[in-house]
Amino acid sequence: MLEIALNEIRRGCAEIIDEERIIKLLKAYYDEAKTYTVKAGFDPTAPDLHLGHTVLLQKLATFQKYGATVQFLIGDFTAAIGDPTGKSATRKVLSNEDIAKNISSYTTQAFKILDESKTEIVYNKEWLEALGALGMLQLTSNLTVARMLERDDFSKRYASQTPIAVSEFIYPLLQGYDSVHLKSDIEIGGTDQKFNLLMGRQLQKVYEVKKQQAVLMMPILEGLDGVQKMSKSLANYIGVTDEPNDMFGKVLSISDDLMWRYFELLSTRTLEDIASLKAGVEDGSLHPKKVKEDLALEITARFHSQEDASSAKAEFEKIHSKSQIPTDIQEFSCEGEIWIAKALVDCNIEPSTSQARRDIKQGAVKINQEKISDIQLQLTGGEYILQVGKRKFAKLKVN
RNA sequence: GGUGGGAUAGUCAAGUGGCCAACGACGGCAGACUGUAAAUCUGCUCCCUAUGGGUUCAGAGGUUCGACUCCUCUUCCCACCA
């Protein structure tokens, strides 16, 4: 029993600190039905979750399966202040309303994966605001500058003379203090959070919370390009609220190599299953496309439904494999005659008539499945299916 | 506070008086090839019913027949020194 649980917990992890502690907690759960807490912090600045976030959520769900209560920590305190971090564009300071709105959409999305009955939503504003200047000073006195500079990010920036705001030193402390207040048994986060996660351990020791939290780090999920981390700003993400068709298509568009990574971190299949799939692909008995389709189905079904997933698959095949026209196309209409380039722009499938001309010249534009080459073409009365490239469709009615 | 350097298309980055709608790289789009991909090859990548016209090189003025290029001011960045 314990072995199985542990293996599942270890799956895909980048690093575990104090695994002994986790084993003890699991043992206590099996022997005495004692539960424990797992903390994970979320930043309510971005209301849309993508698959990168779900890696963490799924790990939390695994813990729930094995006796954990999840402390779903919302960093509303830090969000209200803003983050001066130099590297990414300075975070906006959010209004309370925005934060509240983000939080509610956040949690609805999160509960597609997490078990709500075993989740406790906590807000760090509650105790951080109460900390006060004195508490803050006490907190900072636990740490030396030298220790702070151990953090990779800081030391690099210091060496390269990139500015570091003093408040940036405070953030890890606050995050660590969250663990003190919540008396978390385990905290999980991305590998980029290592320093902050360890801070929780250190502060728990100082503040004499009986035990130090174990730390489990998940790797950062690569985006669709397979190189950079999945993030909204890089537009290489799969959002959990994406339409089934989009979601299915996006999963299918990842490279074969990346697919295994997604299997490990996102699929609920067992590791043995995945290993045998991989072996099958390697010896040629399984087509990689087929395997990837299964992954796409699984992921789509998780956030929508089994039916949505299979119809997304059918739709996809219709468009791509058989190069037919999708079922749902946006419809437009206009009066009288219309010039083809203008029509494409009006139907939102081309950004400008200049671009439309170029695409027509290149043979990327089809009307009713027929390639066209005449830039001057005028459309007169009738219904047309306009297509640019493989993906952009529109239906136009000319009256 | 002082002294230098910089701001060019989605990003990086050439261009230092006309040959500039602006080299190149990345990204993006399209075509071929495929498995829908990836890799590869090719073309395109400011706007406009276009063998032409318009608007661009941080902003505002100026010099000049002509300015991304020279001058002045403004804004913002960066480096060195305090």
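Computed from heavy atoms alone, side chains included, the values below leave out hydrogens, waters and symmetry copies. Note on naming: letters A, B, ... go to the chains in the order of the sequence lines (proteins, then strands), and numbering restarts at 1 for each one.
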Who does B:C41 pair with, Watson-Crick or G-U, both distances under 3.5 Å?
-> B:G31
Does B:G17 have a Watson-Crick or wobble mate here (both distances under 3.5 Å), and if so which one?
-> none
Side-chain ([X]) to main-chain ([Y]) donor-acceptor, under 3.5 angstrom:
| X | Y | value |
| --- | --- | --- |
| A:N142 | A:L139 | yes |
| A:T108 | A:S104 | yes |
| A:K397 | A:E383 | no |

Can you identify which nucleotide, out of [options], has its nearest atom closest to the [X] side chain?
| X | options | value |
| --- | --- | --- |
| A:S354 | B:U34, B:G35, B:A50 | B:A50 |
| A:D359 | B:A50, B:U49, B:A30 | B:A30 |
| A:D256 | B:U36, B:C48, B:A37 | B:A37 |
| A:K292 | B:U49, B:C29, B:U36 | B:U36 |
| A:K371 | B:U36, B:A50, B:A32 | B:A32 |
| A:K392 | B:C29, B:U34, B:C48 | B:C29 |

Ignoring hydrogens and angles, does a donor from either the side chain of A:Q362 or the base of B:G31 sit under 3.5 Å from an acceptor on the other?
-> no
Base B:A30 paired with A:R358 side chain (donor-acceptor, <3.5 Å) = no
Gap between atoms [atom1] and [atom2], on [X] and [N] respectively (whole Å):
| X | N | atom1 | atom2 | value |
| --- | --- | --- | --- | --- |
| A:K250 | B:A38 | NZ | C1' | 19 Å |
| A:I254 | B:U34 | CD1 | P | 23 Å |
| A:H287 | B:U36 | NE2 | C1' | 11 Å |
| A:L258 | B:A37 | CG | P | 16 Å |
| A:R391 | B:G28 | CZ | C1' | 11 Å |
| A:Q355 | B:A9 | CD | P | 19 Å |
| A:I340 | B:U49 | CD1 | P | 13 Å |
| A:D257 | B:A39 | CG | C1' | 11 Å |

[atom1] atom, [N] versus [M]: distance in rounded Å?
| N | M | atom1 | answer |
| --- | --- | --- | --- |
| B:G66 | B:U74 | C1' | 26 Å |
| B:A14 | B:G28 | P | 23 Å |
| B:G54 | B:U49 | C1' | 14 Å |
| B:U75 | B:C29 | C1' | 36 Å |
| B:A25 | B:C73 | C1' | 36 Å |
| B:C23 | B:U8 | P | 16 Å |
| B:G18 | B:C26 | C1' | 31 Å |
| B:A58 | B:G5 | C1' | 16 Å |

Closer than 4.0 Å, any side-chain N/O of A:T353 to the OP1 or OP2 of B:C48?
-> yes
Does a side-chain N or O from A:K361 land closer than 4.0 Å to OP1 or OP2 of B:A30, or not?
-> no
Intermediate values then yes/no, side chain to side chain contact (heavy atoms under 4.5 Å, CB included), A:L197 and A:M217 | CA-CA 9 Å; A:L197 294 169; A:M217 279 163 277; 3.5 Å; yes
Give a yes/no verdict on base stacking between B:U49 and A:W339: centres under 5.5 Å, planes within less than 30° of parallel.
-> yes
Might you work through the side chain to side chain contact (heavy atoms under 4.5 Å, CB included) test for A:Q213 and A:D185, ending with a clear yes or no?
-> CA-CA 5 Å; A:Q213 65 181 10; A:D185 294 310; over 6 Å; no
Base, sugar-phosphate alone, or nothing: which one does A:E293 contact when heavy atoms must sit under 4.0 Å apart?
-> nothing
Looking at every strand, decide which applies to A:E350 at a 4.0 Å heavy-atom threshold: base, sugar-phosphate, or nothing.
-> nothing
So which one's nearest nucleotide on RNA chain B is more toward 5', A:S253 or A:K366?
-> A:K366
If you find the nucleotide of RNA chain B closest to A:K289 and the one closest to A:R357, which residue's nucleotide is nearer the 5' end?
-> A:K289
Go through A:F42 and A:F72 one step at a time and tell me if the ring-ring contact (aromatic ring centres under 6.0 Å, His included) criterion holds.
-> CA-CA 7 Å; A:F42 296 88; A:F72 193 96; 4.4 Å; yes
If the glycosidic angle is within 90 degrees of 0 it's syn, otherwise anti, so just tell me which one B:A50 is.
-> syn
Per side chain to side chain donor-acceptor pair (under 3.5 Å), A:S179 is matched among A:Q71, A:E187, A:Q212 by A:E187
